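Contents: one structure, followed by commentary.
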Amino acid sequence: MLEFDQKRAFSIRLFILCSVVITICIILSQLDLFIEVFRSNSALTYQWSYNVIMYTLTGDTMQFVLPVMCTLPFSASFINEYKSGVLRYTLGRTTRRKYIFSKIITTFLSGGTVLTVSTLLVVLVLSFIFVPLEEVPIDVSVISSFGKYFQIIVRYFILGSVNGLLGLTISTATNNRYMAWIGPFMVEYLLIIFYERYFDRFIFLYPKNWLNLSNVGEIGYGLQNIWLIVLSCSLAFLFWKVAQRRLEHL
Amino acid sequence: MNRIRWIFMSTYYNFFQWRGNMRVVVTFILAFILCFLLSDKTMRFALECETTLQLVESFVWTFSDSNSILLASLLLLLLFADMPFITSATPFFLVRGNRKTWVISQLLYIALSTAIYLSFVLVSTCVLCLRLSFTKNTWSKTAAILAYSGEGKHIAIPATVKVLEMSRPYGAMANIFLLILLYALVMVFIMMFFNLLKGPLAGVIAALAFSAYGLLLNPDNLQKLFNLPDVLYYKARVWIGWLSPLNHATYGMHDFGYDNLPTMLETCLIFGGILIVLVIGVIWRMHLFNFVFKGTEN
């Protein structure tokens with residue numbers, strides 16, 4: 001990964017901004033429930049906060065926000081450099097192969113890391129506020145829910161990477177930086193429409209299932225992760241081809 | 001004849017700019033997604049009840065709700081984001097014609113684009129529900145269940161008995177299409193007028209203010225705000241039916257023979273009158289408009 005890509009993709013300000021926005025959106029989606037809890041003053045049942053966190057992280061709000069936020073850090077980087085002319089100076093200092101490879105790796109990591117950080121923030125904030133209000137039985141281990149949290153963080157990392165690469169590829173193919181941010185959102189909803197209205201056999205292309213950690217039909221959690229990694233590799237390859245074509249014009 | 005030819009050529013040139021324009025592609029894709037999200041309730045209800053839908057019924061129920069009309073019309077702000085459509089060819093059109101001819105061609109372009117966009121919305125809504133649809137011009141069992149059982153109110157689908165009994169599906173669809181078209185045209189022409197008056201930002205703010213005015217002028221909001229009794233609520237509903245453009249655009253808020261609400265003809269005349277005033281305003285303002293040609297479109 002080229003050093004200047006690394007510095008720009010993981011710039012603290014943008015990261016914090018994206019993570020905080022996702023956290024706020026998710027918390028606001030359940031605001032009515034939280035206000036009711038504070039008004040009632042009664043103790044919460046055991047694992048109430050775990051259930052709310054999992055429901056929120058796999059709900060419609062996340063479905064809406066996820067494809068946009070994970071593309072903000074770095075997905076438009078290639079097309080920005082291509083249009084501004086910085087690319088010519090960069091290519092004088094490195095090879096085309098290294099440059100494209102750096103873009104792929106940086107986008108993969110930045111998209112995934114943004115979602116991972118924001119997921120951790122949501123889990124920490126909600127746990128910190130609501131776990132002390134729960135009635136915890138004496139003989140129960142608190143660590144039991146950590147396994148599911150780890151699973152969802154891994155899934156979010158992969159989804160963030162897929163969406164980041166998708167935005168990078170679409171913006172490069174269409175030569176438009178705004179497509180980096182809106183492209184994954186549109187693709188996701190078009191896939192949802194095609195599955196729900198026309199092609200209900202293609203369950204592996206249904207984005208709502210990608211947020212579902214339980215088995216979907218015969219497809220288990222591990223197999224879904226492998227499928228998403230295959231998707232991200234395909235997108236990386238597609239970007240490689242499209243970027244090479246763009247660079248030929250320079 | 002020459003002027004009419006120039007108007008059509010300038011309008012055609014504006015449509016030619018749609019080729020490869022990602023903003024136009026994004027607008028239509030987002031419109032398709034919006035149609036899916038708005039028609040989802042109707043479709044799910046039909047699937048749960050295992051009943052069919054008439055081909056245009058989903059469009060009728062979806063766009064009988066004022067909020068759906070508002071959301072669909074707001075996407076036009078994205079489609080017309082480059083208003084007043086000054087391109088590298090504009091100086092040549094102005095030299096060969098005049099300002100009045102040019103602005104009339106822009107208004108014609110806006111009207112045709114809006115009509116194409118709304119036609120796309122209509123076709124999308126029909127295509128999304130094609131799996132359960134039939135084409136005969138009668139209401140489906142889904143419509144009957146929604147209207148007569150009160151399920152429509154429960155799940156917020158505005159299927160009313162008066163619409164079912166006073167019209168047929170294609171007739172209702174045509175009326176609703178006309179109403180939305182007129183509402184959208186008024187909104188976009190307001191945007192054009194203020195764009196010429198004060199700049200692009202003023203145009204967008206004016207369009208949003210127009211939408212907000214329609215949204216906020218709602219009888220339920222007024223009842224909550226002023227604690228109106230039912231008799232006064234009815235009067236407020238009638239007043240707002242006349243004053244609010246969004247209510248004029250809502251099919252169910254019209255007089256079906258026993259209300260003091262506006263009839264379809266009265267709504268068309270009101271919208272038509274506003275459009276004529278806006279067209280005159282735009283042509284007048286064009287005489288004072290300061291063209292700035294930057295030399296590049298990128």
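In what follows, chains are A, B, ... by sequence order, proteins preceding strands, each numbered from 1. Keep in mind that what you see is a predicted model, and the values were worked out from it rather than measured.
Both the backbone and the side chain of A/Met186 come within contact range of chain B, with heavy atoms under 4.5 Å apart. Heavy atoms of B/Leu37 lying under 4.5 Å from chain A belong exclusively to its side chain. Both the backbone and the side chain of B/Val127 have a heavy atom closer than 4.5 Å to some heavy atom of chain A.
Side chain of A/Ser171 to main chain of A/Leu168: a donor-acceptor pair is present (N/O by atom type, distance under 3.5 Å, no hydrogens or angles).
When B/Leu128, B/Leu132, B/Leu130, B/Val25 are compared by the number of non-hydrogen pairs under 4.5 Å with chain A, B/Leu128 comes out ahead. Of all the listed residues (A/Ile193, A/Asn175, A/Asn176), the one sharing the greatest number of non-hydrogen pairs under 4.5 Å with chain B is A/Ile193.
Here A/Glu81 pairs with A/Lys103 in a salt bridge; the nearest charged N to carboxylate O distance falls below 4.0 Å. Between B/Asp40 and A/Arg197, at least one side-chain nitrogen of the basic residue sits less than 4.0 Å from a carboxylate oxygen of the acidic one, meeting the salt-bridge criterion.
Side chains of A/Asn209 and A/Gln224: no donor on one and acceptor on the other come within 3.5 Å.
Using a 30° and 60° split on the angle between ring planes, B/Phe59 and B/Phe177 fall in the tilted class, from 30° to 60°.
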